[in-house]
Structure formats: C-alpha cells, structure tokens
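FYI, the numbering just counts along the sequence from 1.
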Amino acid sequence: MADDHTVVRQGIVALLSLESDIEVVAQAEDGVCVVSAATALNPDVVLMDLRMPGGGGIAATRRICSLLPKCRVVVLTTYDNDQSIVSAIEAGAIGYLLKSTSTAELVAAVRSAMAGRSVITPAVSLQMARRRTGGAASSLTPREQEILALVAQGQTNARIARHLSIGEATVKTHLLSVFRKLGVSDRTGAVMAALSSGMLPLPE
C-alpha cells in the first residue's frame with residue numbers, strides 16, 4: 001500500500017487487514033520506497049497513489065511492472081482526469097480506482113487484480129467514455145468482441161482457445177487485431193477501451 005498521507009494509508013491498510021484472504025505485507029510513503037518494498041517482497045498486488053514524493057506513482061508503477069511482471073498494480077487516487085488515467089494504464093497498471101470507492105469495491109478490486117482481471121470504477125469508465133467516440137470499438141468483428149469479453153473475465157489465451165474450440169494462435173491473431181483497432185498495446189488497454197466505449201458492461 002503506497003500513499004504519502006499517513007492517515008489515509010493506515011486507514012486503508014486497517015480495512016484490508018480485516019479480510020482473511022488479504023495480507024498487507026508493507027506500506028510505503030513515496031515512489032522510491034514502494035519500488036524498494038515491492039522488489040524485496042514480490043507482492044501479488046500494489047495499491048498505488050499517484051501524487052507522491054520520490055518520482056510519483058506513475059514512475060513507480062512503470063518500474064514495478066518492468067521488474068515484476070506478475071505483480072499487479074492498481075492505482076488508488078483522487079484524480080480522475082484523462083491524462084492521469086491514460087498515463088497509469090500505459091505505465092502498466094491493471095486497474096484505476098478513486099479514493100471515493102467503497103470498502104466493498106476496494107476489496108473486490110484487490111481480489112480481481114490478484115486473479116489477473118482488470119479493475120476500474122464506473123466513474124473512471126464514464127470519464128474515459130467522454131473522450132472516446134466508440135468508432136474503433138464498433139469495428140471489431142463478432143469473434144473479436146467475443147474474445148475480448150473473455151479476456152475481460154480474466155481468461156488466458158489457452159482457456160479462450162479451448163472455450164471457443166479454436167487454436168491458441170488464432171486467439172493471438174484476433175487479439176492483435178483488437179489491439180490495432182482500439183489503438184492499445186496490451187490486454188488491459190483493450191479491456192479499458194471496450195469498457196469506455198460501452199462495448200463491455202461496466203463492472204457492478
């Protein structure tokens with residue numbers, strides 16, 4: 001849990017510690033400390049504030065995702081402007097939450113991130129939707145939409161291939177086409193774009 005505001009950080013840690021399946025292994029108050037703690041402890045999930053000393057959350061997210069590909073970074077911030085959202089996702093964050101998120105939503109988001117699923121609050125989805133026309137999403141074929149929906153559920157390429165009775169290489173080909181049409185570079189970006197355009201339903 002990384003946040004430079006002690007009261008906020010400790011409050012969130014206290015809430016998460018009430019969950020039997022979640023253990024908070026470290027706290028950090030700046031970008032340098034969170035990278036150091038993550039590399040030392042290799043956690044499943046990092047909750048990352050954006051505005052912190054020591055380089056900030058975007059730089060720390062990029063560093064952690066580079067060093068620890070299996071670690072999921074979820075941004076938890078008060079900022080919902082377009083640039084912050086896009087920068088966080090491009091840095092490798094699997095999700096973007098606002099600090100107005102309820103406790104239940106936060107706990108669910110941590111569990112989803114642990115399972116490799118993208119997490120995004122409806123408020124952020126609506127913010128992203130305002131800056132997209134939806135034209136790119138509408139160009140996806142029915143099969144591409146079907147595969148993207150399964151990706152949003154956290155399914156691997158292998159599982160998608162088995163579910164649809166097609167080859168794994170075919171799944172990869174479809175995903176590359178999806179990335180190109182949506183103007184993204186990875187699965188998380190594709191899911192975010194689909195949520196923002198309304199092609200996929202917002203998480204309840």
Ion pair check, Asp44 and Arg72, cut-off under 4.0 Å | no
Hydrophobic cluster membership, Val74 vs Ile12, 4.5 Å side-chain cutoff = yes
Answer with yes or no whether the hydrophobic clustering places Val24 together with Met114; edges join I, L, V, M, F, W, Y residues whose side-chain heavy atoms lie under 4.5 Å apart.
-> yes
Joint cluster assignment, Val34 & Val75, ILVMFWY side-chain distance < 4.5 Å = no
Between Glu19 and Arg111, does at least one N-O distance fall below 4.0 Å, as a salt bridge requires?
-> yes
Give the minimum heavy-atom separation between Pro43 and Ala38, together with the two atoms involved.
-> CD-O, 3.4 Å
If two hydrophobic side chains count as joined below 4.5 Å and joins carry through other members, does Val110 share a cluster with Leu15?
-> no
Go through the steps for Met52 and Asp49 under the test side-chain contact (heavy atoms from CB on, under 4.5 Å), then give the verdict.
-> CA-CA 7 Å; Met52 298 185 295; Asp49 188 22; 3.8 Å; yes
Closest contact, heavy atoms only, Thr101 versus Leu97 | OG1-CB, 4.0 Å
Distance, nearest 0.5 Å, that separates OG of Ser112 from CD1 of Ile94 | 9.0 Å
May I ask you to decide if Arg62's main-chain N or O and Ser66's side chain share a donor-acceptor pair within less than 3.5 Å?
-> no
Salt bridge flag under 4.0 Å for residues Arg162 and Glu168 | no
Side-chain contact test, heavy atoms from C-beta onward, threshold under 4.5 Å: evaluate it for Leu18 versus Val107 and give yes or no.
-> no
Keeping the roles fixed (side chain from Thr170, backbone from Ile166), state whether a donor-acceptor pair exists under 3.5 Å.
-> no
Distance from Thr173 atom OG1 to Glu144 atom CD, nearest 0.5 Å?
-> 10.5 Å
Starting at CG of Asp4, measure out to SG of Cys33 and round the result to the nearest 0.5 Å.
-> 11.0 Å
Heavy atoms from other residues, nucleotides or ligands near CZ of Arg63 exceed 12 (cutoff 6.0 Å) | no
Could you walk me through whether Ile147 and Leu164 pass side-chain contact (heavy atoms from CB on, under 4.5 Å), step by step?
-> CA-CA 9 Å; Ile147 289 174; Leu164 299 178; 3.7 Å; yes
dist Thr61:OG1 -> Leu50:CG (nearest 0.5 Å) comes out at 7.0 Å
Met48 and Leu76: side-chain contact (heavy atoms from CB on, under 4.5 Å), yes or no, with the steps?
-> CA-CA 6 Å; Met48 181 79 73; Leu76 183 60; over 6 Å; no
Please tell me if the side chains of Val171 and His163 come closer than 4.5 Å, counting only heavy atoms from C-beta onward.
-> no
For the atom pair CG (Asp186) and CD (Glu90), what is the distance rounded to the nearest 0.5 Å?
-> 9.5 Å
Closest heavy-atom pair, Cys71 versus Val46, reported as atoms and distance to 0.1 Å, is SG-CG2, 3.6 Å
For Arg187 and Phe179, work out which heavy atoms get closest and say how close.
-> N-CZ, 3.6 Å
Report yes or no: do Val178 and Val191 belong to one cluster of Ile/Leu/Val/Met/Phe/Trp/Tyr joined by side chain heavy-atom distances under 4.5 Å?
-> yes
Salt bridge between Lys99 and Asp3, side-chain N to carboxylate O under 4.0 Å?
-> yes
Working for side-chain contact (heavy atoms from CB on, under 4.5 Å), residues Val151 and Ile160 | CA-CA 8 Å; Val151 169; Ile160 293 172; 3.7 Å; yes
Quick one: closest heavy-atom pair of Gln153 and Arg117, and the distance?
-> O-CD, 3.1 Å
What are the two closest non-hydrogen atoms of Ala60 and Gly31, and how far apart are they?
-> CB-O, 3.9 Å
Can you list the residues that meet the side chain to side chain donor-acceptor pair (under 3.5 Å) rule with Glu146, with sequence neighbours excluded?
-> Arg143
Go through the side-chain N and O atoms of Glu29 and Thr6 and say whether any donor and acceptor fall under 3.5 Å apart.
-> no
d(Leu98 CG, Glu105 CD) to nearest 0.5 Å is 10.0 Å
Exam field: side chain Ser87 to backbone Ser84, donor-acceptor pair closer than 3.5 Å = no
